[in-house]
Amino acid sequence: MAPACPVLDSDPAAAKAALRRAILARRDALDPSVRARLSAAALARAWTLDAYQRARVVLGYASFGSELDTGPLLRDVLASGRTLVLPRVDREGRRLVLHQVRDLEAELHPGTWGIPEPASSTGRLAPPAGIDFVLVPGVVFDPAGGRIGYGAGYYDRLLGGWPGAMPPLVAAAFELQVVPEVPVVATDRRVDLVVTESRTYPTLRLEPTEDS
């Protein structure tokens, strides 16, 4: 686990911003070959999760920048005949709009902040109620499922308004993104598992794995 980053302000927003900057700098500094190796190792752990193996409809996200490469997992969902759902940022509505995606090459285009996302013209909206596994992005995590995203709150709003039972929420990240504790407020949503290249951190609702 990465050591705690110094936080000099007791205000949660300021504390989150300090952690976000520190971990992004570490993540951005990874050599591309190391990033690829660690991404593959973390995804190998995610693939073995019972929650992922049982899922028929998966909400994922297309990675960008120095994020862990989610491409292999997205392709696995499609190759296995399951339904892949990806988010599109609606900046005006300050929300994520979910679309079913059938062809990653043809249907994803650079959207808000350059993040690959489905075009609104696909027309295949996906209701959250049908999703049974969520891969959640983020910048910083802790072993209890605390999460710091990029600061806009899109995922917290999406998950906070989820209809019915919440599906498993899983984050795949580099070990350097895990700190002992992140500041959380009432509107923050924790994830159930944090999977890295070297560990699986079970948190609230999912059973521990053998080597967690």
Q. Just how far is it from atom CG of Leu43 to atom CG of Leu38, taken to the nearest 0.5 Å?
A. 11.0 Å
Q.
Assess, by modelled atom type and distance only, whether the side chains of Arg27 and Ser66 contain a donor and an acceptor separated by less than 3.5 Å.
A. yes
(Q) Measuring from atom CZ of Phe174 to atom CZ of Arg35, what distance do you get when rounded to the nearest 0.5 angstrom? (A) 6.0 Å
Q | Closest contact, heavy atoms only, Gly149 versus Val139 | A | O-CG2, 3.7 Å
Q | Salt bridge flag under 4.0 Å for residues Arg124 and Glu107 | A | yes
Q. Mind checking whether Trp162 and Pro167 have side chains closer than 4.5 Å, heavy atoms only?
A. yes
Q) Any donor and acceptor pair, going by atom type alone, linking the side chain of Ser39 with main-chain N or O of Asp69 inside 3.5 Å? A) yes
Q.
Any heavy-atom pair between the side chains of Asp90 and Arg95 that's under 4.5 Å?
A. yes
Q) So, do Val178 and Pro143 sit near enough that their side-chain heavy atoms are less than 4.5 Å apart? A) yes
Q. Considering only heavy atoms from C-beta outward, does the side chain of Glu117 approach that of Val89 to under 4.5 Å?
A. yes
Q: Give the intermediate values and the outcome of side-chain contact (heavy atoms from CB on, under 4.5 Å) for residues Thr200 and Val194.
A: CA-CA 6 Å; Thr200 299; Val194 181; over 6 Å; no
Q. Got a second to check how far Ser80's OG is from Arg56's CZ, nearest 0.5 Å?
A. 6.5 Å
Q: Measure up the Phe133 and Tyr52 rings against each other and bin them: parallel (under 30°), tilted (30 to 60°), perpendicular (over 60°).
A: perpendicular
(Q) Salt bridge check, Arg189 against Asp156: does any charged N sit closer than 4.0 Å to a carboxylate O? (A) no
Q. Quick one: does Leu193's side chain get under 4.5 Å of Pro168's, heavy atoms only?
A. no
**Q.** Donor-acceptor contact below 3.5 Å, side chain Glu67 vs main chain Gly138
**A.** no
Q: Indicate yes or no for a side-chain donor-acceptor contact from Arg157 to the backbone of Arg94 under 3.5 Å, with no hydrogens or angles considered.
A: yes
(Q) Can you give me the closest heavy-atom contact between Ser198 and Glu175, atom names plus distance? (A) OG-OE1, 3.2 Å
Q) Should Val179 and Phe141 be marked as a side-chain contact (heavy atoms from CB on, under 4.5 Å) after you check the CA-CA gap, both sets of side-chain angles, and the distance that decides it? A) CA-CA 6 Å; Val179 301; Phe141 301 93; over 6 Å; no
Q. Is any side-chain heavy atom of Arg102 less than 4.5 Å from a side-chain heavy atom of Gln100?
A. yes
**Q.** Heavy-atom closest contact (Gly71 atom, Ser63 atom, distance)
**A.** N-OG, 4.5 Å
Q) Does the side chain of Arg88 pick up a donor-acceptor pair with the side chain of His99 at under 3.5 Å? A) yes
Q | Smallest separation among heavy atoms of Val58 and Ala55, with atom names | A | CG2-CB, 4.0 Å
Q. Does Asp188 come within less than 4.0 Å of Lys16, counting only side-chain N to carboxylate O?
A. yes
Q.
Quick one, Leu159 with Leu169, criterion side-chain contact (heavy atoms from CB on, under 4.5 Å). Give me CA distance, side-chain angles, the key distance, then yes/no.
A. CA-CA 9 Å; Leu159 300 175; Leu169 308 178; 3.9 Å; yes
Q. In Å and rounded to the nearest 0.5 Å, what is the CZ to CG distance from Arg26 to Leu24?
A. 11.0 Å
**Q.** Residue pair Ile23 / Leu176: nearest heavy atoms and the distance that separates them
**A.** CD1-O, 3.6 Å
Q.
Counting C-beta onward and ignoring hydrogens, is there a side-chain heavy-atom pair between Val101 and Val85 closer than 4.5 Å?
A. no
Q) Roughly how far apart are Leu74 CG and Leu84 CG, rounded to 0.5 Å? A) 5.5 Å
Q: Could you tell me whether Asp142 and Arg147 have a side-chain N and a carboxylate O separated by less than 4.0 Å?
A: no
Q) When rounded to the nearest 0.5 angstrom, what distance separates CG in Leu108 from CD1 in Ile115? A) 12.0 Å
Q. With side chains defined as the heavy atoms from C-beta onward, is the minimum distance between Arg54 and Asp50 less than 4.5 Å?
A. yes
Q.
Between Leu125 and Leu98, does the side-chain contact (heavy atoms from CB on, under 4.5 Å) criterion hold? Intermediate values first, please.
A. CA-CA 6 Å; Leu125 297 179; Leu98 306 184; over 6 Å; no
Q.
Give me the atom names and distance for the closest heavy-atom approach of Tyr61 to Val136.
A. CE2-C, 3.8 Å
